[in-house]
There are 4 protein chains.
Amino acid sequence: MPQASADLASRLLDSALSLFAERTYEGTQMPAVAHHAQVGVGSIYRYYASKEILGNAAFRHAKGGLLAGLTAATAQPTTSSREEFAQIWQGFTRFAGAHPAAFAFLEHQQHDTFLDTESRALAAEIDTFAADFIERGQRAGEIREGDAPVLVALALGAFGGLLKSIRPQLVTDLSPQALAGAESAVWDLLHRKT
Amino acid sequence: MPQASADLASRLLDSALSLFAERTYEGTQMPAVAHHAQVGVGSIYRYYASKEILGNAAFRHAKGGLLAGLTAATAQPTTSSREEFAQIWQGFTRFAGAHPAAFAFLEHQQHDTFLDTESRALAAEIDTFAADFIERGQRAGEIREGDAPVLVALALGAFGGLLKSIRPQLVTDLSPQALAGAESAVWDLLHRKT
Amino acid sequence: MPQASADLASRLLDSALSLFAERTYEGTQMPAVAHHAQVGVGSIYRYYASKEILGNAAFRHAKGGLLAGLTAATAQPTTSSREEFAQIWQGFTRFAGAHPAAFAFLEHQQHDTFLDTESRALAAEIDTFAADFIERGQRAGEIREGDAPVLVALALGAFGGLLKSIRPQLVTDLSPQALAGAESAVWDLLHRKT
Amino acid sequence: MPQASADLASRLLDSALSLFAERTYEGTQMPAVAHHAQVGVGSIYRYYASKEILGNAAFRHAKGGLLAGLTAATAQPTTSSREEFAQIWQGFTRFAGAHPAAFAFLEHQQHDTFLDTESRALAAEIDTFAADFIERGQRAGEIREGDAPVLVALALGAFGGLLKSIRPQLVTDLSPQALAGAESAVWDLLHRKT
DNA sequence: TATGAATGAGGATTCATTCAT
DNA sequence: AATGAATGAATCCTCATTCAT
């Protein structure tokens, strides 16, 4: 069973993620992670040398997964910011639907206590990705004027608020209409009115 | 110093709030709160019987302050949802400017581990307040159709995202233009296009 | 009010005694003593420099009171050990009835953690008093042979057992018959059968 | 050492018992128990969830052991109360000799602060056991008239007094004569004179 | 003289981490 | 490789004692 250990590592990551999402990084005990993953405590340490390292791995797993989802969603060329926005929206939506714990964990405001430099750098990538989209849209005259990071913060904040409000349900539980309505509301947040 | 002891309780609340905002409720130690408030650890317990009680007091202080700020800001009668929105926006902005730690603490996603029923009830009041505003605007045809709680979540999320993005600076450090831009962006999120 | 402070000192002693009796020396907090005596905590320290000193004072007050009661009860000359035993029994009975908390406190087995030398010496006096009575009775052929301290331990133990069993009622709640029966049982424990 | 972990629980119980006997439940610190049992503090909590639970376990271990000893000692049928009393006396004597700390702990007057309902129930069993013996003897005309609980209290009190007086020596240090003398003294406390 | 708010050392308990099996 | 019992530093909380009023 050559992939046994790889499996265990990722099972641990999933367990950590769902417990962190539910009870906070600080509020989650290593024995609880072990129990959730159905392994002995000691086994965690074979894959993650410390709780801090596990926390960072979980964060990077989540953030990296989101970034990959967004990249994949925006792979098809588009002809307008609105279309690209739709792709991004779908990227977020799918990721949040497929990995609710990961998304919830990323939404926590306080990772500062344990994130290392590499994790912080990864976190910044999402912002850069979003800011690029905003700036492109502004140059094309489709997105309103203003500081790109500010617009990113508003839009991501709105999406996060939406997800937080329906917790612990899944995004996929929202009616298509409600979701479509939210999408156009957030687009209007960004859209340049003529 | 006749106000000494009444003050101590609120000095402790402030200290707790700023440390909780910075490092999470779980990540803050009682001795750290005592140190920040420049008192002995034991003194905390004269005013707050446990960390959990202190946490709830801090939460209620913050949430109650925000609610009071919003109520005050919307006291003047208005003739349109846009105007009322401006009042609310100012209420949020002022509160976040005046009590950045309190606002940051409220933005944390994970209070579930320690909030008691009373605190949760207070938290719901803000949502009700906002949902009322939304529904009134919808009836007046000024605010877009859709589930009121969903719109509330989007708008509050956007505002929260904004504040989070500039941390640890103050809202008041944003240029008036940036702030005004953000305000109209969020309004457009809510506004019914004709 | 010249006796005010003497009063306070003894009120504190009484409070201490009844709390110690109820909850143990170790289980009683200084603030609880203050509260029971209706004074501020600080005031205790004007009369008793520390909890340990208060504990010893309470112990000596109780033990000394019992010794005084026994001495008074046996003041009248008697012509037999049985008569003297009756006096002693009455001495114990009256003291336990009049000062139930003091008696209960003395019955606790563990004073070793705080008693000082002087208190221990006083404690020994009761034993000496009782051993004297036993030895006199043995010389007169009225009390059975055997180690005097052993007989003392048995008799005092029996009396203590009696009191413990009816706690928290008072000795005076026992029917005169029951009390008389207990008295003759304990006398038979000591009495030399012919 | 296959019995290691089952042993740890009982080693902890023994350590707790001897420290509680010596210094009171309240006067004994968990680290002291750990030290005495030669384990880390944390290990106590794997077996006993709190000090209170440890205290109750220790009490029940002691009381249960005594009850078992008495039951075993009285297993042989007897033809008189005097004989049965001899069995009971031997039961007490052996238990106190074999488990001096357990016996001393049981003699403490103040368990009220931490005993739970189950422990109290067990404590009552000894009294019932003794009261049964008394009542049987009374019906047979061998034991004096009087309230059975009162006679039990007197007899147990006497035995307790005896043990207390020789502490910290062992019962087994008493000369056989002294012990036999004490036994007949206590029997005379109970015996119905003709 | 009396008070009780303030203090901080000390005690109970938790939990990340180790290591013998 | 996996386990989970054992560890003890770190955390919450208590309470004897002090001292400004």
Side-chain angles (χ1 to χ4, degrees), chain A residues 1 4-5 8 26-35 37-55, chain B residues 1-2 4-9 12 26-35 37-54, chain C residues 1 4-5 8 26-35 37-55, chain D residues 1-2 4-9 12 26-35 37-54:
Chain A
M1 36 196 93
S5 68
L8 187 44
E26 335 259 359
T28 301
Q29 304 85 335
M30 296 297 267
V33 174
H35 181 81
Q38 312 204 57
V39 279
V41 221
S43 302
I44 299 178
Y45 288 85
R46 179 163 303 278
Y47 301 96
Y48 304 98
S50 71
K51 186 182 181 182
E52 195 180 329
I53 285 171
L54 175 61
Chain B
M1 340 162 160
S5 76
D7 264 5
L8 187 44
L12 283 166
E26 339 256 358
T28 301
Q29 303 84 336
M30 296 300 265
V33 174
H35 181 82
Q38 311 207 57
V39 279
V41 220
S43 300
I44 299 178
Y45 292 87
R46 175 168 298 278
Y47 300 96
Y48 304 98
S50 69
K51 186 181 180 181
E52 194 180 329
I53 285 171
L54 176 62
Chain C
M1 40 196 89
S5 69
L8 187 44
E26 335 259 358
T28 301
Q29 303 85 334
M30 296 298 267
V33 174
H35 180 83
Q38 313 205 57
V39 280
V41 221
S43 302
I44 300 178
Y45 288 85
R46 178 162 304 278
Y47 300 98
Y48 303 98
S50 71
K51 185 182 181 183
E52 196 181 328
I53 285 171
L54 176 62
Chain D
M1 348 171 150
S5 75
D7 264 5
L8 187 44
L12 283 166
E26 339 256 359
T28 301
Q29 304 85 336
M30 296 300 266
V33 174
H35 181 82
Q38 312 205 57
V39 279
V41 223
S43 301
I44 299 178
Y45 291 86
R46 175 168 298 277
Y47 299 96
Y48 303 98
S50 70
K51 186 181 180 182
E52 195 180 330
I53 284 171
L54 176 61

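Note on naming: letters A, B, ... go to the chains in the order of the sequence lines (proteins, then strands), and numbering restarts at 1 for each one. Note that these values count all heavy atoms, side chains included, but never hydrogens, waters or copies made by symmetry.
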Query raised in the report: Once each nucleotide of nucleotides 10-16 of chain E is scored for protein heavy atoms under 4.0 Å, what B/S/- sequence comes out, 5' to 3'?
Result: -SSBBSS

What heavy-atom pair brings [X] and [Y] nearest, and what distance separates the two atoms?
| X | Y | result |
| --- | --- | --- |
| B:Tyr47 | B:Ala9 | CD2-CB, 3.8 Å |
| C:Val39 | C:Ser43 | CB-CB, 4.2 Å |
| D:Leu12 | D:Ala37 | CD2-CB, 3.8 Å |
| C:Lys51 | C:Glu26 | NZ-O, 3.7 Å |

Value in whole Å for how far the [atom2] atom of [N] lies from [atom1] of [X]:
| X | N | atom1 | atom2 | result |
| --- | --- | --- | --- | --- |
| B:Leu8 | E:dT7 | CG | C1' | 12 Å |
| C:Leu54 | F:dC15 | CG | C1' | 15 Å |
| C:Ile53 | F:dA16 | CD1 | P | 15 Å |
| A:Ile44 | F:dG4 | CD1 | P | 12 Å |
| B:Tyr48 | F:dC12 | OH | P | 17 Å |

Query raised in the report: Once Watson-Crick and G-U wobble pairs under 3.5 Å are found, how is DNA chain F written in dot-bracket notation, 5' to 3', with | for any base paired to another strand?
Result: .||||||||||||||||||||

**Report entry** Side-chain N or O of C:Tyr47 closer than 4.0 Å to phosphate OP1/OP2 of E:dA2
**Finding:**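 Yes, such a contact exists.
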
Query raised in the report: What is the distance from atom CD1 of C:Ile53 to atom OH of C:Tyr45, rounded to the nearest 0.5 Å?
Result: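 C:Ile53 CD1 to C:Tyr45 OH: 10.0 Å, rounded to 0.5 Å.
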
Report task. Determine whether D:Leu8 and D:Arg46 make a side-chain contact, defined as any pair of heavy atoms from C-beta on separated by less than 4.5 Å. Result ->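 Side-chain contact under 4.5 Å: no.
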
